[in-house]
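Structure record follows, encoded as structure tokens.
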2 protein chains.
Amino acid sequence: MKNMHYTRDNMAELLRGHDINPTHQRIEIAHALFSRQEHLSADQVMAIVNTRHSETSKATVYNTLKLFLEKRLIRELIVDPSKVFYDPNTTPHHHIYEIDSGKMSDIDADQVKITGLPPLPDNMVTEGIDLIVRIRNKN
Amino acid sequence: MKNMHYTRDNMAELLRGHDINPTHQRIEIAHALFSRQEHLSADQVMAIVNTRHSETSKATVYNTLKLFLEKRLIRELIVDPSKVFYDPNTTPHHHIYEIDSGKMSDIDADQVKITGLPPLPDNMVTEGIDLIVRIRNKN
DNA sequence: TCCGGAAGTTAGACAAAGTCTAGATTATTG
DNA sequence: CAATAATCTAGACTTTGTCTAACTTCCGGA
Ligand SMILES: [Mn+2]
Ligand SMILES: [Mn+2]
Ligand SMILES: [Zn+2]
Ligand SMILES: [Zn+2]
């Protein structure tokens, strides 16, 4: 993904690679997420996509984000009690969350070691491990 | 906390110990959480407290949970995108979340080691580290 | 090219969690 | 008891997200 140019054409490729039919709206939404490489809420995605002129409805934004999740193109972050954030980075990584500002940054998973987690029941499998470091300003 | 009897009187003590004036409603809400030692949503707390007869309003449930949080009597768990859960266990511990059932269980923090977290900016301090293992049924 | 179904998008109604306000109740103090 | 502070309340309101039914676009076969 280094030096990737997030053109609309490349977005279409990316979508096809995840079995997603690349429509205009889907390309715009993917572009909003991937060109920024930030953690965005549905509302923010909607605002970005409709900056120039209204072209994507709320229903489509939510439908599309859910589709991207299912197809594992993006990842969901549950860190703020009031809204979900979407993360174009699906490589294993963790997060630092600044409580006061809401700013979120990545921690590379390579650096971090987590040991001593208990074994799971036989019929269960790990979907993911979310590690969130909540930080705030010293007083 | 071993062998603790979660009587109303003991709840009043507990509240006073955290600088919370023990009113009837606050005692009932604390009792709901601590006698069960489970992870409950605001809705669930409300239902429990009003089982016999209606005695606590929605506003008071939310206000009281927020007060308990501020006074560090309980802990907030952000794990389900649609609602917050409240945890009477404030000792450092982690969580296993069964995505499909919504069931949540504790992992003792003693067993788990997390190393390699990056240093924080000088003026920042860690509020808490949330580690959530999301699991689901094998297919 | 025309047709018909499938896939995708949409506006707007709806649901659920949580917040807010202004008034009522309760507790405390003098 | 009266005044004041603390707490609680109903219900309106906000926000995030879901749902539905109609509309549009796409696409393969006649
Ligand atoms: Mn456009
Ligand atoms: Mn009672
Ligand atoms: Zn991330
Ligand atoms: Zn817990």
Side-chain angles (χ1 to χ4, degrees), chain A residues 8 11-12 15-16 18-33 39-50 52-71 73-74 76-87 99 102 104, chain B residues 8 11-12 15-16 18-33 39-50 52-71 73-74 76-87 99 102 104:
Chain A
R8 264 73 178 171
M11 289 301 98
L15 294 179
R16 275 186 217 101
H18 285 256
D19 287 314
I20 299 166
N21 186 21
T23 65
H24 177 64
Q25 287 87 341
R26 287 168 184 173
I27 288 169
E28 291 300 322
I29 290 170
H31 185 258
L33 283 159
H39 309 92
L40 300 178
S41 67
D43 239 35
Q44 289 175 310
V45 169
M46 175 121 164
I48 290 166
V49 161
N50 291 327
R52 289 169 166 282
H53 54 283
S54 177
E55 59 181 330
T56 309
S57 72
K58 184 167 68 143
T60 295
V61 170
Y62 278 99
N63 289 344
T64 300
L65 290 170
K66 195 167 284 181
L67 177 67
F68 286 4
L69 275 181
E70 279 164 24
K71 300 296 191 178
L73 180 65
I74 61 175
E76 186 181 38
L77 290 184
I78 301 167
V79 65
D80 180 303
S82 74
K83 58 172 77 97
V84 171
F85 285 87
Y86 296 90
D87 192 340
I99 297 172
M104 196 147 42
Chain B
R8 264 72 178 173
M11 288 302 98
L15 294 179
R16 275 186 218 102
H18 285 256
D19 287 314
I20 300 166
N21 186 21
T23 65
H24 177 63
Q25 286 88 340
R26 287 168 184 173
I27 287 168
E28 291 299 322
I29 290 171
H31 185 259
L33 283 160
H39 309 92
L40 300 177
S41 66
D43 240 34
Q44 289 175 308
V45 168
M46 175 123 164
I48 291 167
V49 159
N50 291 328
R52 290 168 167 281
H53 54 284
S54 176
E55 60 181 329
T56 308
S57 73
K58 185 167 68 145
T60 295
V61 170
Y62 279 99
N63 289 344
T64 299
L65 290 170
K66 194 167 286 181
L67 177 67
F68 286 5
L69 275 180
E70 278 165 24
K71 299 295 191 178
L73 180 65
I74 63 175
E76 186 182 34
L77 289 184
I78 301 167
V79 65
D80 180 304
S82 74
K83 57 172 78 100
V84 171
F85 285 89
Y86 297 90
D87 192 340
I99 296 172
M104 196 147 42

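Throughout, protein chains are lettered first and strands after them, A, B, ... in sequence-line order, and every chain is numbered starting at 1.
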Nearest nucleotide by nearest heavy atom, which residue falls closer to the 5' end of DNA chain D, B/P81 or B/T60?
-> B/T60
Sugar-phosphate, base or nothing in reach of B/S41, heavy atoms under 4.0 Å = nothing
A/R16 side chain near A/P22 side chain, heavy-atom distance below 4.5 Å = yes
Between the OG1 atom in A/T64 and the CG atom in A/L69, the distance rounded to the nearest 0.5 Å is 11.0 Å
Does B/Y62 put a side-chain nitrogen or oxygen below 4.0 Å from OP1 or OP2 of C/dT19?
-> no
Please lay out, stage by stage, how A/V45 and A/Y86 fare under the test side chain to side chain contact (heavy atoms under 4.5 Å, CB included).
-> CA-CA 9 Å; A/V45 169; A/Y86 296 90; 5.6 Å; no
Let me know the distance between CG of B/N63 and C1' of D/dT7, rounded to the nearest Å.
-> 9 Å
Heavy-atom closest pair, residues A/V49 and A/E55 | O-OE2, 3.4 Å
B/E55 CD - D/dT9 C1' separation (whole Å) | 14 Å
Regarding the side chain of B/R26, the nearest nucleotide among D/dT7, C/dG18, C/dT19 is D/dT7
To the nearest Å, how far apart are B/I29 CD1 and D/dT9 C1'?
-> 13 Å
Whole-Å distance, B/L40 CG to C/dG18 P, equals 13 Å
Closest nucleotide among C/dA17, C/dT10, D/dG17 to the B/D43 side chain | C/dA17
Compare side-chain N and O positions of B/Q25 against OP1 and OP2 of C/dT26 and report whether any pair is under 4.0 Å apart.
-> no
Is a donor-acceptor pair below 3.5 Å formed from side chain A/K58 to base C/dG12, judging by atom type as modelled?
-> no
Rounding to a whole Å, what distance do you find between A/L77:CG and D/dT16:P?
-> 17 Å
Using a cut-off of strictly less than 4.0 Å, decide whether B/T23 has a side-chain nitrogen or oxygen near OP1 or OP2 of C/dT26.
-> no
Evaluate the side chain to side chain contact (heavy atoms under 4.5 Å, CB included) criterion for residues B/F85 and B/Q44: first the C-alpha distance (whole Å), next the side-chain angles of each, then the deciding distance (0.1 Å), finally the verdict.
-> CA-CA 9 Å; B/F85 285 89; B/Q44 289 175 308; 3.7 Å; yes
Whole-Å gap separating P (C/dG18) and CG (A/D80) = 12 Å
Separation of D/dT7 atom C1' from B/K71 atom NZ, nearest Å, is 15 Å
Consider the side chain of B/N21, meaning its heavy atoms from C-beta on, and name the nucleotide among D/dT7, D/dT18, C/dG8 that approaches it most closely.
-> D/dT7
Side-chain atoms of B/S57 come closest, of D/dA10, C/dT10, D/dA6, to D/dA10
Given atom NZ of B/K83 and atom P of D/dG17, what is their separation to the nearest angstrom?
-> 14 Å
